[in-house]
Amino acid sequence: MNILVCISSVPDTTSKINFKNDNTIFETEGVQFIINPNDEFGLTRAIWLQQSHGANVTVVSVGDSSCEPILRKCLAIGADQAIRIDTIPKDGFQVVAYLTSLLEINKYDLIITGRESIDYNGGMVGGMLATKLKIPYLSNCIYLDIKDDNLKLEREFDGGKEKVSASLPIVIGSQKGLVEEKDLIIPNMRGIMQARQKPLEVLSPEQVELSTQDLSFEKPSEKGPVRLVDAENIDELIDLLENEAKVI
Amino acid sequence: MTILVVIESELGKIKKSGLELASYGRKIADDKGLKLTAVGFNIEDSSVLNKYGVDKLYNVETGEDIFFDVDRYSETITKIIKEENAILIVVSSSADGRYLGPVLSIKTQSAYIPNVVEVPSQYEPIQVKCSCFTNKAFKTSKSLKNRTIISLLSNSFGLNEKASSLELINHNYENRTVNLKVDSVDKVSDKVSIADAQIVVSGGRGLKGPENWYLIEDLAEVLGAATACSKPVSDMGWRPHSEHVGQTGKPVASNLYIAVGVSGAIQHLAGINSSKIKVVINNDPEAPFFKAADYGIVGDAFDVIPKLTEKLKMRK
Ligand SMILES: Cc1cc2nc3c(=O)[nH]c(=O)nc-3n(C[C@H](O)[C@H](O)[C@H](O)COP(=O)(O)OP(=O)(O)OC[C@H]3O[C@@H](n4cnc5c(N)ncnc54)[C@H](O)[C@@H]3O)c2cc1C
């Protein structure tokens with residue numbers, strides 16, 4: 001079984017978000033990058049399948065050389081090889097187009113994308129990719145079990161979850177629950193050493209079309225100071241919520 | 001040409017998000033001088049839609065196959081988009097809406113813009129503001145296609161009544177094209193979900209243990225609110241993962257968010273920031289949440305929350 005895990009390199013969750021060039025470009029100066037958390041749950045599940053089913057795990061990222069440390073980390077976690085598609089994508093649709101050209105050459109049985117990335121929050125790569133490939137997609141995937149070509153899966157939605165059957169090949173959108181936080185693999189020294197020897201292939205893609213363009217960014221307006229209410233005066237809070245904020 | 005909104009329902013009843021989508025779609029249809037078309041599945045009572053300006057409803061009966069099925073839904077909606085020549089399609093920001101949007105965009109060769117928070121500032125081409133960096137920023141995106149699908153962040157437009165005369169059309173439920181089938185659905189509870197809720201009451205590590213969650217649940221009950229929690233609370237198993245909100249959990253965009261014993265770490269705030277009004281109850285006046293909140297009480301949750309719940313009960 002061949003598994004492809006699509007990895008997005010995103011700003012660390014504690015990052016302050018700033019923009020430059022007249023608010024048209026995200027300022028990466030001083031920002032730490034990490035594996036997108038949703039992708040990391042998927043990668044861990046893939047490594048388990050490598051151990052239980054002898055699966056071969058490839059990680060891929062669309063990005064310039066700045067995302068290589070992230071791919072090396074994935075290799076240290078246990079992926080067998082990495083591919084970097086050497087371009088800076090401008091929207092999710094473009095990422096999908098680049099991944100589709102890769103999938104026209106290499107065949108994968110299971111393709112894992114994070115449910116969404118924590119930078120642009122598109123949540124679109126998995127669904128678009130599967131639909132282009134005419135294979136099924138399961139978003140918000142919190143359980144996966146493979147026997148032969150048959151899959152048992154679970155999807156979380158607002159206020160519940162559902163059990164799903166499907167067959168390979170498939171694309172899933174991974175998130176917490178597929179594996180637990182405590183199960184995430186922290187690379188050890190041996191893994192880090194081995195990662196240096198593992199193949200990291202760089203592909204130069206042909207240009208593909210865009211479907212959206214980001215024109216400008218802005219930060220939420222500064223909010224005023226909090227209005228404190230005395231703990232002994234709860235009626236005042238209720239009054240404010242009812243008559244000032246009008247939310248109850 | 002038309003504007004099309006995809007309306008969600010539960011047990012035949014249209015969800016509030018559906019009415020918000022209709023209100024939003026009506027505004028755009030008026031701006032553009034177009035009709036507003038809606039698509040829904042297994043809707044039993046559609047009469048409310050003519051209070052929210054919908055001109056035409058395609059209601060799809062799914063027969064035996066009662067579960068949301070992204071493939072069959074998107075096949076069916078794609079047919080309707082083409083028949084009606086819809087140029088702007090609006091889906092909700094629920095898990096189902098955001099599952100549907102990208103799939104639909106490929107099937108209909110449309111641009112897809114998620115997390116939209118306003119009506120477009122420009123129509124040709126469509127230009128619209130949306131949330132990004134998990135609510136730490138906004139961006140304005142332009143569609144480069146003739147047809148655009150957007151997912152509207154819940155509670156970002158609100159409800160707006162406008163009378164219309166509703167035409168009802170039944171539409172065929174299209175067949176499956178890929179091998180994926182929902183076998184069963186397990187609703188967590190009858191409670192309102194975080195995505196649908198107008199009010200969310202959230203508890204953090206300050207509540208000390210799962211046995212104290214009655215404080216959160218009782219308060220949520222008087223307010224008709226959904227319950228949520230911080231990440232460590234779900235990681236320790238005090239509460240189910242489905243309640244974890246924040247940057248790596250569920251987003252919250254309610255009208256009122258009440259945080260009890262939550263410190264207000266940047267990852268927590270990122271996920272809940274698009275809530276309109278934030279209230280914090282924390283015994284540490286230095287807790288970062290006070291910087292993000294609209295109203296706050298510095299006090300012990302074990303003392304404040306029962307009193308607050310009691311007073312809200314009496315108010316009813
Ligand atoms: C990669 C990453 C992703 C993350 N994603 C998320 C996320 O999505 N969501 C999230 O929530 N966190 C997330 N976190 C964790 C985050 O950094 C914080 O650790 C977490 O939000 C803290 O949870 P808490 O506020 O419940 O606990 P604490 O920070 O321990 O705060 C407890 C608060 O309760 C108060 N308190 C104590 N006793 C009382 C009392 N009797 N009455 C009133 N108040 C009391 C304390 O003053 C304190 O402020 C993430 C962290 C990382 C590294």
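Quantities reported herein were computed from a predicted structural model and do not represent experimental measurements. Letters A, B, ... mirror the listed sequences (proteins, then strands); counts begin at 1.
- Within the 4.5 angstrom heavy-atom criterion, only side-chain atoms of B:Gln127, from C-beta onward, approach chain A.
- Remark: B:Lys307 does not engage A:Asp235 in a salt bridge, criterion side-chain N to carboxylate O under 4.0 Å.
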Inset, instruction - Verify salt bridge (Lys or Arg N to Asp or Glu O under 4.0 Å) between A:Arg155 and B:Asp96, making sure each step is shown before the conclusion. - result: CA-CA 10 Å; A:Arg155 176 177 79 103; B:Asp96 289 356; 2.8 Å; yes

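- Residues A:Thr212 and B:Ala111 come closest through the heavy atom pair CG2-CB, 3.9 Å.
- Under the 3.5 Å distance criterion, with hydrogens and angles disregarded, no donor-acceptor pair is assigned to the side chains of A:Glu156 and B:His241.
- Between A:Phe26 and B:Phe133, the two ring planes are tilted [angle within 30° to 60°].
- Contact annotation for A:Lys223: only side-chain heavy atoms (C-beta onward) come within less than 4.5 Å of a heavy atom of chain B.
- Closest approach of B:Ile199 to A:Val247, counting heavy atoms only: CD1-O, 3.8 Å.
- Only the side chain of A:Leu241 comes within contact range of chain B, judged by heavy atoms closer than 4.5 Å.
- Side-chain rings of B:Tyr99 and A:Tyr137 approach one another, their centers coming within less than 6.0 Å.
- Heavy-atom distances place both the backbone and the side chain of B:Asp186 under 4.5 Å from chain A.
- When each of B:Lys129, B:Arg176, B:Lys107, B:Lys181 is checked for heavy-atom pairs under 4.5 Å with chain A, B:Lys181 comes out on top.
- For chain A, the option among B:Ile194, B:Asp196, B:Leu312 with the highest count of heavy-atom pairs below 4.5 Å is B:Leu312.
- Only the side chain of B:Pro114 comes within contact range of chain A, with heavy atoms under 4.5 Å apart.
- Heavy atoms closer than 4.5 Å to chain A are found nowhere in B:Lys276, neither backbone nor side chain.
- Here the shortest heavy-atom pairing between B:Gln267 and A:Thr13 reads NE2-OG1, 2.9 Å.
- Under the 4.0 Å criterion applied to side-chain N and carboxylate O atoms, B:Asp235 and A:Lys176 are assigned as salt-bridge partners.
- Looking at every heavy atom in both residues, B:Asn179 comes nearest to A:Ser167 through ND2-OG, 2.6 Å.
- In this structure, chain B has heavy atoms under 4.5 Å from both the backbone and the side chain of A:Phe157.
- Interface remark: A:Ile170 contributes side-chain atoms only to the contact with chain B (heavy atom separation under 4.5 Å).
- With a threshold of 4.5 angstrom between heavy atoms, A:Glu209 approaches chain B through side-chain atoms but not through N, CA, C or O.
- Interface check for chain B: of the options A:Ala231, A:Pro37, A:Ser216, A:Gly127, the most heavy-atom pairs under 4.5 Å are formed by A:Ser216.
- Interface remark: A:Lys246 contributes no atoms to any contact with chain B (heavy atom separation under 4.5 Å).
- Residues A:Glu242 and B:Arg315 are paired through a salt bridge, judged by an N-O separation under 4.0 Å between the basic side chain and the carboxylate.
- Of the atoms belonging to B:Ser184, heavy atoms from both backbone and side chain fall under 4.5 Å from chain A.
- Looking at A:Ile17, the atoms closer than 4.5 Å to chain B (heavy atoms on both sides) all sit in the side chain, from C-beta outward.
- By number of non-hydrogen pairs under 4.5 angstrom with chain A, the leading residue of B:Gln109, B:Glu243, B:Lys231 is B:Lys231.
- A salt bridge does not link A:Lys163 to B:Asp183: none of the charged side-chain nitrogens sits closer than 4.0 Å to a carboxylate oxygen.
- Within residues 278-290 of chain B, the residues approaching chain A closer than 4.5 Å by heavy atoms are, in numerical order, B:Val279, B:Phe290.
- Residue contact with chain B, scored on non-hydrogen atoms closer than 4.5 Å, is absent for A:Glu154.
- There is no side-chain donor-acceptor pair under 3.5 Å between A:Asn121 and B:Ser131.
- Contact annotation for A:Glu181: only side-chain heavy atoms (C-beta onward) come within less than 4.5 Å of a heavy atom of chain B.
- Contacts between A:Leu215 and chain B at a heavy-atom distance below 4.5 Å involve backbone atoms as well as side-chain atoms.
- When all heavy atoms of A:Ser211 and B:Lys145 are compared, the closest pair comes out as CB-CE, 3.6 Å.
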Legend entry - Criterion side-chain contact (heavy atoms from CB on, under 4.5 Å) on A:Ile238 and B:Lys311, from CA distance to verdict: CA-CA 8 Å; A:Ile238 294 175; B:Lys311 286 190 187 283; 3.6 Å; yes

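- Annotation for B:Tyr295 and A:Val226: closest pair C-CG2, 3.6 Å, computed over non-hydrogen atoms.
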